[in-house]
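Each residue takes its place number in the sequence, starting with 1.
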Amino acid sequence: MSTTAGAKKGLWSTIRRIAASDRISGLIMLGFALTGLVLANLPATAHAFETVAETHLFIPYTNLDLPIGHWAQDGLLTIFFLTVGLELKQELTTGSLANPKAAAVPMLCAVGGMIAPPILFLAVTALFSQIGPGEPGTLILTTTGSSIPFSEMSHGWAVPTATDIAFSLAVLALFAKALPGSIRAFLMTLATVDDLLAIILIAVFFSSINAWYWFIGIAVCAAIWAYLVRLKKVPWIAVGIVGILAWIMMFEAGVHPTLAGVLVGLLTPSREMHGELSPRAERYANKLQPFSALLALPIFALFATGVHFESMSPLLLASPLVIALIVALVVGKPLGIITTAWLSTHVGGLKMAKGLRVRDMIPAAVACGIGFTVSFLIASLAYKNAELSAEARFGVLVASLIAAAISGVLLSRQSKRFEKTAAAAAADTEDDESIDGDGTGQPSHTTKPTTPTEHPGTLADGTASVEIDFRH
């Protein structure tokens with residue numbers, strides 16, 4: 001029995017280690033995304049994959065009748081958003097967002113990084129609608145030849161606004177081992193605020209509000225959750241039921257139900273209580289991390305990219321929508337972040353972390369062009385046209401891969417520069433230690449050193465000296 005328990009504990013520890021690794025969990029999610037795209041477009045598997053994705057599952061006596069693909073998006077993804085909510089609460093209480101003055105630059109950069117991509121997206125699509133094939137004011141999709149009005153295409157303005165924190169940190173873990181922690185902290189703060197803004201954006205622009213009384217139910221569930229998770233002994237069955245009810249009421253209210261996870265996460269205590277050694281929000285986020293990183297996100301990515309194209313060809317890369325998303329994410333994200341960083345430090349008088357310059361952030365800013373999870377979600381919400389939604393998700397995938405590749409090269413070079421600098425500094429330290437052989441702070445030779453008290457105002461070579469009081 002003890003052997004079995006030990007094996008289970010060892011397996012769970014391994015799973016938690018994998019989930020905690022930005023590199024491994026990011027690659028797993030990317031693997032599932034590419035698998036979904038392949039399965040949905042291979043003749044041998046396309047029909048079976050579509051059948052699974054479109055199979056409906058329903059809950060009796062409710063309006064919850066969704067295909068499996070939507071359950072992955074609206075249901076499983078709630079685990080990810082609950083984790084985000086818990087981490088946000090901890091960051092706002094004791095983390096990088098607890099001191100707004102210290103986090104001001106990355107917070108502003110998150111805003112700038114969300115403003116620039118939509119502007120470029122709309123500019124590129126407007127340009128295509130005027131000079132591209134077809135009637136002025138319309139865009140032609142290259143794979144099917146469908147004519148889409150600019151007004152409909154512009155609904156996707158929000159798709160390139162979000163940064164995928166898991167993937168961007170995975171790229172840092174893969175290519176930037178020698179970078180100082182301040183760059184990772186900057187990216188973490190930026191991506192956390194980016195998540196918060198994306199949540200607000202989804203709630204404001206992609207919700208169709210239904211009957212008002214559902215919001216009373218949401219408020220009641222939120223109050224009960226806040227009470228239960230503050231008890232000395234948390235009744236987990238009751239907490240689970242309340243969480244599910246909040247999700248159902250959010251769905252019925254017309255708000256994207258994944259935001260129920262954010263809501264209850266933000267209501268979880270983030271300071272130690274009842275004599276506990278760590279905050280509950282932090283502990284719960286750590287426990288949920290494996291389910292989020294290795295279950296919810298990979299399955300969501302599988303179905304999010306599992307879209308079938310009638311003509312899966314290189315022509316997809318010439319689609320106005322795909323090009324607009326590539327420009328918005330690969331160019332717009334870093335442009336917005338770096339411009340905001342420069343303005344806030346050179347014009348606004350704010351300061352970055354010690355030792356960091358604006359140009360040091362360029363490789364990490366390019367990594368912020370990795371959209372992925374939330375961008376996939378917004379693409380499915382922004383476009384009711386299945387063809388546009390499919391191309392938008394394909395565009396996000398391509399743009400994210402390009403941003404990852406470029407940032408990987410830049411981060412690798414930057415990491416090598418920091419490594420050389422660190423090695424040079426270490427060599428200088430060794431030289432100093434070899435001169436200071438006795439560890440007293442004085443050269444280790446036998447000749448009595450000349451001191452300022454013996455020759456006031458001069459050193460041994462006769463040059464001018466600065467008077468020093470060695471007593472301090």
| With sequence neighbours excluded, residues passing salt bridge (Lys or Arg N to Asp or Glu O under 4.0 Å) with Asp195 | none
| Validation row: Lys89, Thr93 side chains within 4.5 angstrom (heavy atoms) | yes
| said: Can you give me the closest heavy-atom contact between Ala260 and Trp247, atom names plus distance? | reply: CB-CA, 3.8 Å
| Would Ser13 and Arg17 count as having a side-chain donor-acceptor pair, cut-off 3.5 Å? | no
| Does CD1 in Ile209 sit with more than 12 non-hydrogen atoms of other residues, nucleotides or ligands closer than 6.0 Å? | yes
| task | Determine yes or no for a side-chain-to-main-chain donor-acceptor pair under 3.5 angstrom, with Trp71 supplying the side chain and Leu57 the backbone. | result | yes
| said: For Ser400 versus Gly371, what's the shortest heavy-atom pair and its separation? | reply: OG-N, 3.1 Å
| field | Leu377 versus Phe300, closest heavy-atom pair with distance | value | N-CZ, 3.9 Å
| Under the 3.5 angstrom rule, does the side chain of Ser407 hit a backbone N or O of Ala404 as a donor-acceptor pair? | yes
| Any luck finding a side-chain donor-acceptor pair between Thr94 and Gln90 under 3.5 Å? | yes
| So, do Phe32 and Phe303 have ring centers that fall under 6.0 Å from each other? | no
| query | Is a side-chain N or O of Glu54 found less than 3.5 angstrom from the main chain of Pro67, in a donor-acceptor match? | reply | no
| note | When every non-hydrogen atom of Ala116 is compared with those of Gly336, the smallest separation belongs to CB-CA, 3.7 Å
| request: Go through the side-chain N and O atoms of Glu391 and Ser319 and say whether any donor and acceptor fall under 3.5 Å apart. | output: yes
| request: Give me the one residue out of Trp214, Phe215, Phe206 that meets side chain to side chain contact (heavy atoms under 4.5 Å, CB included) with Val255. | output: Phe215
| For the side chain of Ser415 and the backbone of Ser412, is there at least one donor-acceptor N/O pair under 3.5 Å apart? | no
| field | Pair Phe150 + Trp157: ring centers closer than 6.0 Å | value | no
| note | dist Thr55:OG1 -> Leu66:CG (nearest 0.5 Å) comes out at 13.0 Å
| note | Residues His308 and Ala46: closest non-hydrogen pair is ND1-CB, 4.3 Å
| request: Please name the pair of heavy atoms, one in Thr83 and one in Leu288, separated by the smallest distance, quoted to 0.1 Å. | output: OG1-CB, 3.7 Å
| Exam field: side chain Ser168 to backbone Asp164, donor-acceptor pair closer than 3.5 Å | yes
| said: Take a 6.0 Å sphere around CD of Glu135 and say whether it holds more than 12 heavy atoms from other residues, nucleotides or ligands. | reply: no
| task | Sequence neighbours left out, what pairs pass salt bridge (charged side-chain N to carboxylate O under 4.0 Å, His left out) with at least one residue falling in residues 369-380? | result | none
| query | Is the shortest heavy-atom distance from the side chain of Arg393 to the side chain of Thr305 under 4.5 Å? | reply | no
